[in-house]
Amino acid sequence: MDALLKWFAASARNLPWRQTLDPYAIWVSEIMLQQTQVKTVIPYWNRWMKEFPDVVTLARGAEAEVLKLWEGLGYYSRARNLQKAARLIVDDHGGRFPESVEGLLGLPGIGPYTAGAIASIAFNQPEPILDGNIIRVLTRVYALPGDPKERRLNGRLWDLARTWVTAASTLPLQPIPHLVTSGNCSALNQALMELGATHCTPKSPNCDGCPIRSDCRAARDGTVESFPETAARPTTVHLRRVAVILRHGETFLVRKRPVGAVNAGFWEFPECDIPAPAENAIGAASTWTGIAPESFETLGVLIHSITRYRIRLEGVQATVKPKRVPRSLRLENPAGESDWLPLRQLADLPFTAAHRRLVRRLESGG
Ligand code: SF4
């Protein structure tokens with residue numbers, strides 16, 4: 001434990017959210033870091049904190065601005081929940097962040113991991129956290145077989161994580177000269193995550209440089225890569241879709257995804273499935289829009305993934321008269337919005353990553 005804290009004090013990465021004890025800033029970083037790598041998050045976090053430096057500015061921000069700042073990070077419900085929670089903090093907590101795990105768990109988008117992270121990192125409370133990195137470290141240190149998502153083993157891991165952070169809270173304060181830290185609970189939780197990210201990696205872990213090697217059963221037994229056991233991955237589902245880019249003069253038809261839909265609030269070119277395996281993108285676009293196939297040309301193919309879906313999205317474009325575009329293409333529901341907008345205006349709207357790539361292709365001349 002002591003060795004782990006000392007190692008962290010000497011080698012912790014200097015990340016921008018480690019230069020503050022502001023629970024708001026730490027919360028934003030923790031939400032961004034879910035499913036996303038540190039190096040990707042840094043510029044997003046910096047831009048976000050410049051635009052929304054505190055919970056009040058976020059609560060008052062326009063949804064489009066919030067989504068625009070999140071554009072490209074994916075899992076967009078995270079951004080919407082941040083704003084919902086900010087509004088609750090302002091309305092129900094007088095703008096003050098709850099300090100207890102129970103209070104934090106009452107906010108949208110905050111589960112046990114995030115609540116533990118905020119309570120320990122911002123407020124130095126002996127609250128555990130358990131993420132993929134910590135699961136890897138603990139299952140190896142204790143050589144724990146089984147699926148870590150299964151209830152009994154998962155409960156055991158939470159208990160162990162609590163034991164570690166509680167023990168750290170009883171040790172003399174370990175200073176960390178290059179970081180702003182609230183104390184040993186903060187340092188211990190971050191040290192476990194950091195160890196998992198930098199040394200105790202899924203493949204070829206650096207056990208020789210590990211500060212807790214002498215305590216690690218899997219390293220002693222030579223069974224490191226047997227832990228953690230992983231459940232079978234869900235099967236990948238392959239989808240084919242077509243994005244229909246309709247141009248009229250200098251403008252393009254775009255629509256806003258309706259409330260309740262996946263990626264609600266983001267803008268996109270109208271998009272539909274290519275239902276039959278034998279059908280091509282232009283054929284599907286023509287059937288859907290009623291526009292003759294010879295009016296279309298291909299803009300390019302993008303491959304992207306959302307959870308277990310691997311999507312092949314083909315962009316096709318045609319020049320049309322707006323009046324001839326079917327209403328069903330413009331509005332998916334009565335509350336949806338659509339518009340004919342010039343390219344320069346699309347730069348200011350939030351687009352999902354795949355559709356932003358189509359916008360860039362149009363900007364570069366197709
Ligand atoms: S000794 Fe190796 S397996 Fe054990 S915690 Fe350290 S890096 Fe992980």
Side-chain angles (χ1 to χ4, degrees), residues 1-15 18 29-30 33-41 112-114 116-117 120-121 124 126-176 178-179 181 183-233:
M1 179 81 52
D2 204 33
L4 181 59
L5 288 173
K6 285 200 164 61
W7 168 79
F8 186 69
S11 58
R13 288 174 292 178
N14 191 351
L15 305 172
R18 288 180 173 171
S29 74
E30 288 297 337
L33 286 164
Q34 290 167 14
Q35 327 274 354
T36 313
Q37 291 185 340
V38 166
K39 69 174 190 309
T40 306
V41 166
Y113 167 81
T114 311
S120 60
I121 298 171
N124 197 38
E127 293 291 350
I129 58 176
L130 196 63
D131 71 345
N133 284 320
I134 298 183
I135 286 173
R136 200 161 50 252
V137 172
L138 292 179
T139 52
R140 288 173 174 177
V141 168
Y142 294 96
L144 295 172
D147 176 0
K149 291 205 175 96
E150 181 268 323
R151 201 170 56 86
R152 260 190 39 201
L153 179 54
N154 196 262
R156 171 101 195 271
L157 290 165
W158 275 103
D159 290 344
L160 287 169
R162 183 175 293 284
T163 306
W164 282 52
V165 73
T166 305
S169 71
T170 65
L171 294 174
L173 176 68
Q174 172 66 59
I176 308 179
H178 64 297
L179 302 183
T181 175
N184 284 0
C185 299
S186 163
L188 187 278
N189 279 346
Q190 293 189 80
L192 279 172
M193 284 193 284
E194 190 106 330
L195 189 69
T198 61
H199 283 58
C200 198
T201 47
K203 297 257 175 280
S204 313
N206 174 14
C207 296
D208 289 342
C210 176
I212 54 172
R213 183 182 174 129
S214 58
D215 297 319
C216 181
R217 283 187 209 166
R220 185 195 64 200
D221 299 345
T223 55
V224 167
E225 290 196 24
S226 311
F227 302 99
E229 288 180 11
T230 44
R233 284 172 159 251

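For clarity, every value in this text was computed on a predicted model and none was experimentally measured. Hydrogens, waters and symmetry mates are skipped; everything else that's a heavy atom, side chains included, is used. Order of listing sets the numbers, starting from 1, for every ligand and every atom in it.
Annotation: ring-ring contact (aromatic ring centres under 6.0 Å, His included) contacts of Trp7 (sequence neighbours excluded): His199. Contacts of Asn133 classified as side chain to side chain donor-acceptor pair (under 3.5 Å), with partners at least two apart in sequence or in another chain: Arg136.
For atom 2 (Fe) of ligand 1, the set of protein N/O/S atoms nearer than 2.8 Å consists of Cys207 SG, ordered by chain and number.
Within the 3.5 Å criterion, the main-chain N or O of Ile212 finds no donor-acceptor partner in the side chain of Ser214.
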All N/O donor-acceptor pairs, side-chain side in residues 184-192, below 3.5 Å, sequence neighbours left out:
from: Asn184; atom 1: OD1; to: Gln174; atom 2: N; distance (Å): 3.0
from: Asn184; atom 1: ND2; to: Ala168; atom 2: O; distance (Å): 3.2
from: Asn184; atom 1: ND2; to: Leu171; atom 2: O; distance (Å): 3.1
from: Asn184; atom 1: ND2; to: Pro172; atom 2: O; distance (Å): 3.0
from: Ser186; atom 1: OG; to: Gln190; atom 2: NE2; distance (Å): 3.0
from: Asn189; atom 1: ND2; to: Ser120; atom 2: OG; distance (Å): 3.0
from: Asn189; atom 1: ND2; to: Glu127; atom 2: O; distance (Å): 2.9
from: Gln190; atom 1: OE1; to: Arg18; atom 2: NE; distance (Å): 2.9

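At least one side-chain heavy atom of Leu144 sits less than 4.5 Å from a side-chain heavy atom of Leu160. By the 4.5 Å heavy-atom criterion applied to side chains, Leu130 and Ile135 are counted as neighbours.
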